[in-house]
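Reading through the structure tokens given below for one structure.
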Amino acid sequence: MSDRIWLKHYPPGVPADIDTAQFGSLVDLMEESFRKYASRAAYSFMGKDIRYAQVDSLSQALGVYLQGLGMERGDRVAVMMPNLPQYPIAVAAILRAGYVVVNVNPLYTPRELEHQLCDSGARTIIIIENFAKTLESCVARTPVKHVVLCAMGDMLGLLKGSMVNYVVRNVRKMVPAFHLPDAVRFNDAVARGTRGTLRRPTIKSGDMALLQYTGGTTGVSKGAILLHRNLVANVLQSEAWNAPVMKDLPEGEQPTSVCALPLYHIFAFTVNMMLSMRMGGKNILIPNPRDLAAVLKELSQHRFHSFPAVNTLFNGLANHPDFNSVDWSHLRVALGGGTAVQAPVARLWLEKTGCPICEGYGLSETSPSATCNPVTNTAFTGSIGLPLPSTWIELLDDNGDPVASGQAGEIAIKGPQVMAGYWQRPDETAKVMTPDGFFKTGDIGIMDDEGFVRIVDRKKDMIIVSGFNVYPNELEEVMAACPGVMECAAVGVPDAKTGEAVKLVIVRKDAALTESAVRAYCRENLTGYKQPRTIEFKDELPKTPVGKILRRELRGQPAA
């Protein structure tokens, strides 16, 4: 394993390693915060604050209810909802009761939901009623025996909660009719649990805490086994990394984060929910980040310091006419992850907020954070930064051997945040883990002599034109600076002459942008084999709920 050349670029005060034994489990971490910060607001949702003491008591009660269902220690409980206060309460309840959280994307189709419930073996699901129809469509073919139903207004009090639920159900028609006769309402489950006492199982650092399913972009969706110690480590790594700027908050000011990324995604699970809990911070819960006007309206009512987001969200907000209705002056960390941050977006964000986007990198399999730029940077670098404390990065060739400095290779990660393996898939685990404990990411990167890593692309997304490697990230970065382009994606499509050709799909900012203007810009900025064979204009690009562009859906027909 190579020397950690990157340590010399750590900001003052950031340690080379973190003490992973500081907490025996995520439960220990959460319960310390419940005690220390009981009177503080943990979450803000639709104008109402939910305090740490409430999360503590409500999660204990829900945990009692879950234990009363007859499940065994280590059983899986699925959670399927957007960013509602019930989500962190459910997670705390599941973990404190000795079970395993299975995060489920609420936008799943019945087929996708059935696969995940069957694969995980989840016997219980806590789900928002908006998606109950999806569950009804497949539940009979899954192991699920118990359903807890949440509603948007559950945590808002009787009057406001009833009004919100009425609007959601009857005005906006967001709850399709469903039939789940044995389901129990969230508030009823909590009420039943208040009549008992939580049995506290002994939870060890090597116990499974989370099954985090990958997006399935390389095949069938797989569950990454994240242990309590993996998640604790990543929380402590993130805390240490952010400390150089977060420690300078004014005396008595509570750290506050914008939680616009979905909590069921590992990025927000760790960097919003768990890190904020560790710091005694508050999360502003955004249930629908695609409604940019509503996001900005909510943020205009808050003072906040941390904003984890993806490129598409930074881009959409920065280009929105209501952007300046928000006071961005207290923002200390704008953390970009999930997908590559584009330089034009980063420049615009810095110009409008005064806070540079600090790009990081990670995966579901790494809890997620593995690298990040120093939060003390004053400008966007275009790299994914340095390995976090207690983390090693190597770049490997196709034989699994380290490449020379400055050469492209597959990024491999070793550290306490790396998963234990894929759930019930030892064959898939063997494909990605090296004998000495490195996780092979499938991403191609270059590390410079200082230890900074730059993503070149994913192996599977690379386009090969007449034997030349074309990296979509590079094309998209170049095109993002083209006047009139809002966002774009580059994919490879089959071509009879060159094997593959480049297809460019563009969402226009300026309706006057023409194909000929794009081609002229490409000729000026891209060498011949990188020129797009096909250019398409679309009103929007297909994306995951987190904001990653789904390149595979754009490949379509062969190039003309």
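Counting begins at 1 with the first residue of the sequence. Predicted model only: the values in this text are computed from it and were never measured.
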Heavy-atom closest pair, residues C358 and L335: O-CD1, 3.2 Å
Measure from the side-chain N and O atoms of N377 to the backbone N and O of P356, and report whether any donor-acceptor pair falls under 3.5 Å. no
Look at the side chain of N283 and the backbone N and O of L285, then say whether any donor-acceptor pair between them is shorter than 3.5 Å. no
Please enumerate all residues that pass ring pair (Phe, Tyr, Trp, His ring centres under 6.0 Å) together with Y10, with sequence neighbours excluded. W241
Ring centroid separation F452 to H9 under 6.0 Å: yes
Return the orientation label for the W349 and F314 ring planes: parallel under 30°, perpendicular over 60°, tilted otherwise. perpendicular
So the side-chain hydrogen bond (donor to acceptor under 3.5 Å, both in side chains) pairs with at least one residue in residues 225-239 (sequence neighbours excluded) are N234-Q237, Q237-T391, Q237-Q417, E239-R278
Answer yes or no: is there a donor N or O on one side and an acceptor on the other, between the side chain of Q531 and the main chain of L526, under 3.5 Å? yes
Heavy-atom nearest pair, A346 first then I357, reads CA-CD1, 3.9 Å
Candidate pair D119 and Y213, rule side chain to side chain donor-acceptor pair (under 3.5 Å), full reasoning: CA-CA 10 Å; D119 188 76; Y213 279 75; 2.7 Å; yes
Backbone of T256 reached by a side-chain donor or acceptor of H305 within 3.5 Å: yes
Using only heavy-atom distances, determine whether the side chains of D427 and Y422 contain a donor-acceptor pair under 3.5 Å. no
Quick check, are the ring centers of F438 and W392 under 6.0 angstrom apart? no
Partner of F380 by side-chain contact (heavy atoms from CB on, under 4.5 Å), out of Q342, E359, R347: E359
Mind running salt bridge (charged side-chain N to carboxylate O under 4.0 Å, His left out) on R290 and E540 for me, showing each step along the way? CA-CA 12 Å; R290 297 186 179 198; E540 60 181 8; over 6 Å; no
Rounded to the nearest 0.5 Å, the CD atom of E428 sits from the NZ atom of K222 at a distance of 5.0 Å
Can Y521 and N525 be said to form a side-chain contact (heavy atoms from CB on, under 4.5 Å), step by step? CA-CA 6 Å; Y521 184 86; N525 292 278; 3.4 Å; yes
For the CE atom of M419 and the CD atom of E365, what is their distance to the nearest 0.5 Å? 5.0 Å
Between R76 and S120, the two heavy atoms sitting closest are NE-O, 2.7 Å
Kindly determine whether V79 and V102 satisfy side-chain contact (heavy atoms from CB on, under 4.5 Å), including the steps that lead there. CA-CA 6 Å; V79 183; V102 180; over 6 Å; no
Side-chain ion pair, D495 and R533, N-O less than 4.0 Å: yes
Side chain of N103, backbone of H265: donor and acceptor closer than 3.5 Å? no
A quick test of your reading: do over 12 heavy atoms of other residues, nucleotides or ligands sit less than 6.0 Å from CG of D248? yes
Using modelled atom types and a 3.5 Å cut-off, is there a donor and acceptor pairing between side-chain atoms of N319 and backbone atoms of N315? yes
Starting at SG of C488, measure out to CG of L504 and round the result to the nearest 0.5 Å. 5.5 Å
Gap between atom CE of M30 and atom CG of L95 - 0.5 Å precision: 4.5 Å
For V235, does its backbone N or O pair with a side-chain atom of T270 as donor and acceptor, under 3.5 Å? no
Cationic N near anionic O, under 4.0 Å, R551 to E476: yes
Over 12 foreign heavy atoms within 6.0 Å of CD, E253: yes
Taking atom CD1 of I286 and atom CD1 of I284, what is their separation to the nearest 0.5 Å? 6.5 Å
Tell me, do D327 and F304 make a side-chain contact under 4.5 Å, heavy atoms counted? no
Going through the distances and angles, do L263 and V91 end up as a side-chain contact (heavy atoms from CB on, under 4.5 Å)? CA-CA 10 Å; L263 283 165; V91 166; over 6 Å; no
When you check the gap from the basic side-chain N to the acidic O, do R555 and D461 get nearer than 4.0 Å? yes
If we check side-chain contact (heavy atoms from CB on, under 4.5 Å) with Q22, which of these qualifies: I18, D19, T20? D19
List the atom of P244, the atom of T376, and the distance in Å for their closest heavy-atom pair. CB-CG2, 3.8 Å
Does the pair K8/E450 count as a salt bridge with the N-to-O cut at 4.0 Å? yes
Show your reasoning for whether salt bridge (charged side-chain N to carboxylate O under 4.0 Å, His left out) applies to K530 and E474. CA-CA 10 Å; K530 297 180 183 178; E474 179 194 7; 2.8 Å; yes
Between the side chain of E410 and the main-chain N/O of L396, is any donor-acceptor distance below 3.5 Å? no
Is it true that, when you exclude K548 itself, more than 12 heavy atoms of the residues, nucleotides or ligands shown sit nearer than 6.0 Å to its NZ? no
Could you go through the side-chain contact (heavy atoms from CB on, under 4.5 Å) check for I266 and L231 one step at a time? CA-CA 10 Å; I266 191 62; L231 293 157; 4.0 Å; yes
State, with a plain yes or no, whether a side-chain heavy atom of I455 is found less than 4.5 Å away from one of N473. yes
Check whether any side-chain heavy atom of R454 sits under 4.5 Å from a side-chain heavy atom of I384, and report yes or no. no
For L261, is there any backbone N or O sitting under 3.5 Å from a side-chain donor or acceptor partner on N272? no
Side-chain (S33) to main-chain (M277) donor-acceptor, under 3.5 angstrom: yes
Please report the closest heavy-atom contact between K538 and V505, naming both atoms and the distance. CD-CG1, 3.6 Å
Looking at G445 and L395, what are the two nearest heavy atoms and their distance? O-CD1, 3.4 Å
Hey, is E394 close enough to K440 for a salt bridge, meaning N to O under 4.0 Å? no
If we only count heavy atoms from C-beta on, is the E536 to I506 side-chain gap below 4.5 Å? no
State whether a side-chain donor-acceptor pair under 3.5 Å links Q212 with Y264. no
Rounded distance (nearest 0.5 Å) linking atom CD1 of I535 with atom NZ of K503: 12.0 Å
Does the side chain of F323 come within less than 4.5 Å of L292's, by heavy atoms? no
Any residue meeting ring pair (Phe, Tyr, Trp, His ring centres under 6.0 Å) with W423, in chain and number order, not counting sequence neighbours: none
Taking the side chain as C-beta and beyond, is there a heavy-atom pair between F439 and L363 under 4.5 Å? yes
Are the charged groups of R519 and E515 less than 4.0 angstrom apart, N to O? yes
